[in-house]
Amino acid sequence: MTKVENNKAWWLVLPVFLIVAFSAIIPLMTVVNYSVQDIFDPYTRYFVGTEWFKQVMLDERLHDALIRQFIFSFTILAIEIPLGIMVALMMPTKGKGASLALILVAIPLLIPWNVVGTIWQIFGRADIGLFGAMMAELGINYNYASEPMHAWLTVVLMDVWHWTPLVALLCYSGLRAIPEVYYQAARIDKASRWAVFRYIQLPKLTNVLIIGVLLRFMDSFMIYTEPFVLTGGGPGTSTTFLSQSLVQQAIGQFDLGPAAAFSLVYFLIILLVCWVFYTTIMHMQKDK
Amino acid sequence: MSTSSSITSQRSSEETIAEGSYSSQAPQAPVVSLAERKARNAMWRGRIGMTVYLILLLMPIYWLLNMSFKTNTEILSGLSFFPENFTLENYAKIFGDPTWYMGYVNSIIYVSMNMVISLLVALPAAYAFSRYKFVGDKHMFFWLLSNRMAPPAVFLLPFFQLYSSVGLFDTHIAVALAHCLFNVPLAVWILEGFMSGVPREIDETAYIDGYSFPKFFVKIFLPLIRSGIGVTAFFCFMFSWVELLLARTLTSVDAKPIGAIMTRTVSASGMDWGLLAAAGVLTIVPGILVIYFVRNHVAKGFALGRV
């Protein structure tokens with residue numbers, strides 16, 4: 001669509017700018033401020049330049065948290081994207097069944113994140129939870145609170161359960177946008193099910209999949225509440241992801257300087273990915 | 001909802017799903033029988049796969065629901081799919097204690113505030129982005145998006161200090177404003193997607209007919225994108241409802257969200273599992289109620305209005 005050049009449109013954007021700036025720019029400036037100072041109390045502070053940044057960059061614990069974070073994000077993407085596509089392909093398209101399936105599939109997305117943690121905390125326990133009990137039946141001494149591998153399995157399973165519906169719904173809306181004529185043509189050509197998927201459905205899903213992959217990447221990169229409730233980051237630090245180590249440092253130990261420097265590095269990583277996301281989408285729209 | 005009715009509703013869901021997918025596969029013209037058989041096999045696989053997925057999806061939630069009707073002694077004494085001594089005691093505890101149920105009220109208050117604020121500021125902005133080019137529009141759009149991607153953990157401490165210093169700590173509006181950080185950009189994004197689907201000619205015709213901008217916007221434009229507005233409201237509701245980290249940090253007593261109150265079930269005498277489960281079940285209910293209204297557009301909303 002061609003757009004008219006009109007700088008008065010700024011007046012329409014101004015309220016958004018003000019409200020987001022209040023919640024974003026002022027706090028961000030505070031963080032920048034902390035990141036270059038050593039603060040003992042509200043009246044005693046020293047300028048330390050890039051010292052905190054150096055400390056953060058060299059911090060072993062943070063490296064570990066970052067690596068865990070990447071492993072986690074890639075694991076859940078590798079499971080959720082294919083699974084989401086499969087579910088979307090199986091979802092009924094017409095009638096009451098379609099609405100009902102939509103609502104049921106969307107339910108996990110509407111549950112407060114701490115409750116998602118609670119649900120799996122209960123579900124994964126061998127004494128009172130179905131999943132834990134089933135694992136115990138299989139002869140596995142399942143305990144996500146003491147076994148790092150079990151904790152990982154439960155956290156990943158929880159995230160897959162929680163967020164695959166998002167990918168499924170995205171793909172479902174992508175599939176609905178394919179005109180019936182395409183399928184009729186494929187039927188006339190006696191195209192196989194795989195060919196229909198590969199040459200008709202998948203190309204139409206590219207747009208929504210890009211949104212899905214990036215939303216999932218960023219949200220999983222920011223994950224805090226669910227693992228916090230489920231495992232508290234443990235056993236040890238085996239499921240402590242970036243947000244949680246940040247909160248531990250800032251609130252738990254009150255190391256404001258390093259925590260602020262850490263925040264900025266963390267934010268920059270996400271901003272970088274975000275920029276890639278934005279340019280890709282803009283590019284996509286230009287092609288249309 | 002009792003357990004038996006949840007089972008029957010699930011069974012009826014399978015039947016309706018089956019009908020739905022069958023009618024979509026019904027060929028209008030006679031087709032080769034091999035292809036027909038193949039299609040029918042695929043349909044059956046889809047039906048079975050979907051049923052299995054839905055059962056796996058709903059099982060953890062059912063388990064929570066099941067537990068919420070049990071007493072703690074029964075919960076700890078062994079696993080069972082149905083409560084033996086069906087009890088509403090856990091729910092009675094929540095509805096009989098203001099410190100419990102006020103958590104739900106608080107959450108609903110700040111979520112509604114956030115929904116209204118987000119929509120009010122996002123509607124004109126989304127219109128500007130979908131219709132006009134202006135200095136810095138792309139940068140502005142990107143900056144908005146980057147806030148959607150900002151980890152709340154980064155802003156935790158500054159938020160606490162900011163809202164304390166302006167005297168808003170422990171008020172509903174503080175949480176509502178804090179949630180604007182990610183909900184306003186999201187609202188602008190979704191609305192922009194829906195608005196771009198409305199042809200420009202409609203605007204131009206209205207202006208030629210002598211409509212002023214505000215009159216055109218409210219009387220003609222908003223009704224055209226009402227499904228978009230509904231979906232946006234739903235998403236603002238959803239993301240504000242599920243967020244706990246900021247809400248918990250910015251409140252202490254008067255505006256404390258239900259998610260923070262739930263931690264009270266941990267005590268020296270151990271966990272009160274039944275109460276925790278009941279509180280959890282009650283947080284799921286509002287979501288299910290609101291999604292019903294936007295069920296047909298929700299998928300498009302998840303794609304940020306861009307399908």
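In what follows, chains carry the letters A, B, and so on, assigned in the order in which the sequence lines appear, proteins first and then strands, with residues in each chain numbered from 1. Just so you know, these numbers use all the heavy atoms, side chains as well, and skip hydrogens, waters and symmetry mates. These numbers were taken from a predicted model, which means no experiment stands behind them.
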Tell me, for [X] versus chain A, whether the close heavy atoms (under 4.5 Å) come from the side chain, the backbone, both or neither.
X: Phe142(B); answer: both
X: Trp241(B); answer: both
X: Phe217(B); answer: neither
X: Leu157(B); answer: side chain
X: Ile75(B); answer: both
X: Met59(B); answer: both
X: Phe160(B); answer: neither
X: Leu156(B); answer: side chain
X: Leu56(B); answer: backbone
X: Leu120(B); answer: neither
X: Leu177(B); answer: both
X: Val184(B); answer: side chain

Under a 4.5 Å heavy-atom cut-off, does chain B meet the side chain of [X], its backbone, both or neither?
X: Ala21(A); result: both
X: Leu271(A); result: both
X: Ser23(A); result: both
X: Asp219(A); result: side chain
X: Met91(A); result: both
X: Ile111(A); result: both
X: Tyr34(A); result: side chain

*For the residue pair Phe131(A) and Trp63(B), is the inter-centroid distance of their aromatic rings smaller than 6.0 Å?*
no
*Close aromatic pair by centroid cut-off 6.0 Å: Phe239(B) and Phe182(B)*: no
*Which of these, Leu166(A), Val116(A), Thr164(A), sits in a side chain to side chain contact (heavy atoms under 4.5 Å, CB included) with Leu109(A)?*
Leu166(A)
*Sub-3.5 Å donor-acceptor pair from the side chain of Ser165(B) to the main-chain atoms of Leu162(B), do we have one?*
yes
*Side-chain (Ser173(A)) to main-chain (Leu170(A)) donor-acceptor, under 3.5 angstrom*: yes
*Measuring from Trp113(A):CH2 to Thr118(A):OG1, what's the distance to the nearest 0.5 Å?*
14.5 Å
*Residues in side chain to side chain donor-acceptor pair (under 3.5 Å) with Asp137(B), at least two apart?*
none
*asked:* Tell me every residue that passes ring-ring contact (aromatic ring centres under 6.0 Å, His included) with Trp11(A), counting only those two or more places apart in sequence or in another chain.
replied: none
*Looking at Tyr183(A), is Arg187(A) sitting on its ring face, NZ or CZ under 6.0 Å from the six-membered ring centre and within 45 degrees of the normal?*
no
*asked:* Tell me whether Phe213(B) at atom CZ has more than 12 heavy atoms from other residues, nucleotides or ligands lying less than 6.0 Å away.
replied: yes
*Just by distance, with hydrogens left out, do Tyr292(B) and Ser99(A) show a side-chain donor and acceptor under 3.5 Å apart?*
no
_Check the orientation of Tyr132(B) and Tyr127(B). Use parallel for under 30°, tilted for 30 to 60°, and perpendicular for over 60°._
perpendicular
